[in-house]
2 protein chains.
Amino acid sequence: MGISKTEHFTDKQNELASLLKALAHPARIAILEHIIKVNACICNDIVNELPLAQPTISQHLKELKNAGIIKGNIEGNAICYCIDEKVIGKLQKIFSGYEMKIEKKRSCC
Amino acid sequence: MGISKTEHFTDKQNELASLLKALAHPARIAILEHIIKVNACICNDIVNELPLAQPTISQHLKELKNAGIIKGNIEGNAICYCIDEKVIGKLQKIFSGYEMKIEKKRSCC
DNA sequence: AAATAATATCGTAATATTGCAATATAGATA
DNA sequence: TATCTATATTGCAATATTACGATATTATTT
């Protein structure tokens, strides 16, 4: 198949899975980390930084942008990308929540 | 293609991407959340809980187990699954780290 | 206005993922 | 030992993802 049966899960579960999928690629992690490091940069900086062709970088940036993880501002003929704190913050909260619940219970295995 | 050029990225980046991929499916999020909720359960509980066929659940469990997110103990003819705290803890720390770095800088867009 | 620079989009080939029926395996129980 | 119960594996069809060459778009520079 290759298609996920999203209709049976909660909106939160689908959203989280979708966010994680947007980050679940080493190039997109590398892009995220590079933007965090330099605070903001244009697409071409990333093309020079990573060993991938320009259309491939553009595609990865689009996915990160669609997920709300980064945002881009037009600056002349370039586009300045930076992190949108909200989504990373959301992920951090979700994993903190998981960890707290797991710590409370434990036992078993 | 469909193949990722992992050889050009750091081990940490590849590992994180791989972990996130293991969680990047609503069924696997639902499985994780169910196990957290009930602390530990056998595969069949999940089959009854989720609207997916037994082989599909088994496949998702395998991926979560390979990623180290859950672990399974044989109990008679059933297998008792529970969370391995280490990996969720690792993810929580990584996202906390990202958030701290982002908060420190900010500006731009 | 032409050339250049930065980015996006399209089309496509290679590969990966998802879901499940059919079947295998292994322990429990009658 | 035959049957039942729980889980895993195999094989396959449908779909998604990844990567990139070719090309389009848009703004800047000459």
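Everything quoted here is computed from the prediction, not taken from an experiment. In the text below, chain A, chain B and the rest are named by the order of the sequence lines, each starting its count at 1.
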| query | Nearest-Å distance, CD (E63(A)) to P (dA8(C))? | reply | 13 Å
| said: Strictly under 4.0 angstrom, non-hydrogen atoms only: write out the protein contact profile of nucleotides 24-30 of chain C, one letter per nucleotide from the 5' end, B, S or -. | reply: ---BS--
| request: With the side chain counted from C-beta on, respond yes when I88(B) and I83(B) share a heavy-atom pair under 4.5 Å apart, and no when they do not. | output: yes
| Picking from dG21(D), dT7(D), dA6(C), which would you name as closest to the side chain of A53(A)? | dG21(D)
| message | How many whole angstroms separate atom NZ of K21(A) from atom C1' of dA16(C)? | response | 12 Å
| note | Rounded to whole Å, CG of N66(A) lies from C1' of dA8(C) at a distance of 13 Å
| note | The side-chain contact (heavy atoms from CB on, under 4.5 Å) partners of S18(B) (sequence neighbours excluded) come to none
| OP1 or OP2 of dC20(C) less than 4.0 angstrom from a side-chain nitrogen or oxygen of T56(B), does that happen here? | yes
| query | Is any N or O donor-acceptor pair between the side chain of Q54(A) and the base of dA6(C) shorter than 3.5 Å? | reply | no
| request: Report whether V87(A) and I29(A) are members of the same hydrophobic cluster (ILVMFWY, side-chain heavy atoms less than 4.5 Å apart, transitive linking). | output: yes
| remark: Of A24(A) and A78(B), the one whose nearest nucleotide on DNA chain D sits closer to the 5' end is A78(B)
| Once the angle between the rings of F95(B) and F95(A) is folded into 0 to 90°, is it parallel (under 30°), tilted (30 to 60°) or perpendicular (over 60°)? | parallel
| message | Does dA8(D) have its OP1 or OP2 closer than 4.0 Å to a side-chain nitrogen or oxygen of S58(B)? | response | yes
| message | Of the options dT18(D), dG21(D), dT15(D), whose atoms approach the side-chain atoms of I3(A) most closely? | response | dT15(D)
| Judged by atom type as modelled, is there a donor-acceptor pair below 3.5 Å linking the side chain of R28(A) to the main-chain atoms of K21(A)? | yes
| For Q92(A), does its backbone N or O pair with a side-chain atom of S96(A) as donor and acceptor, under 3.5 Å? | yes
| note | When I57(B), L61(B), T56(B) are each screened for side chain to side chain contact (heavy atoms under 4.5 Å, CB included) with V47(B), the one that passes is I57(B)
| remark: Here the distance between atom P of dA16(C) and atom CG of L20(B), to the nearest Å, is 19 Å
Could you list all N or O pairs between the protein and nucleotides 11-13 of chain C that sit under 3.5 Å apart?
{"from": "dA13(C)", "atom 1": "N1", "to": "M1(B)", "atom 2": "N", "distance (Å)": "2.9"}
{"from": "dA13(C)", "atom 1": "N3", "to": "M1(B)", "atom 2": "N", "distance (Å)": "3.0"}

| query | When you check the phosphate oxygens OP1 and OP2 of dG19(C), does a side-chain N or O of H60(B) lie under 4.0 Å from one of them? | reply | yes
| said: Any base atoms under 4.0 Å from I57(A), or only sugar-phosphate, or nothing? Heavy atoms, all strands. | reply: nothing
| task | Give the rounded distance in Å between these two atoms: CG of L64(A) and P of dT7(C). | result | 15 Å
| task | Please check the phosphate of dT9(C) (OP1 and OP2 only) for any side-chain N or O of K62(A) closer than 4.0 Å. | result | yes
| message | From NE2 of H25(B) over to P of dT17(D), roughly how many Å is that when rounded to an integer? | response | 11 Å
| remark: Rounded to whole Å, CG of L61(B) lies from P of dT9(D) at a distance of 11 Å
| For L64(B) and I35(B), what are the C-alpha separation, side-chain angles and deciding distance, and is it a side chain to side chain contact (heavy atoms under 4.5 Å, CB included)? | CA-CA 12 Å; L64(B) 288 170; I35(B) 298 181; 5.9 Å; no
| query | Is it true that K90(B) and E15(B) make a salt bridge, defined as a side-chain N closer than 4.0 Å to a carboxylate O? | reply | yes
| Does the side chain of Y81(A) get closer than 4.0 angstrom to OP1 or OP2 of dA6(C) through an N or O atom? | no
| Rounded to whole angstrom units, what separation is found between the CD1 atom of I31(A) and the C1' atom of dT7(C)? | 13 Å
| message | If you define the side chain from C-beta out and look only at heavy atoms, does anything of L52(B) sit under 4.5 Å from I46(B)? | response | no
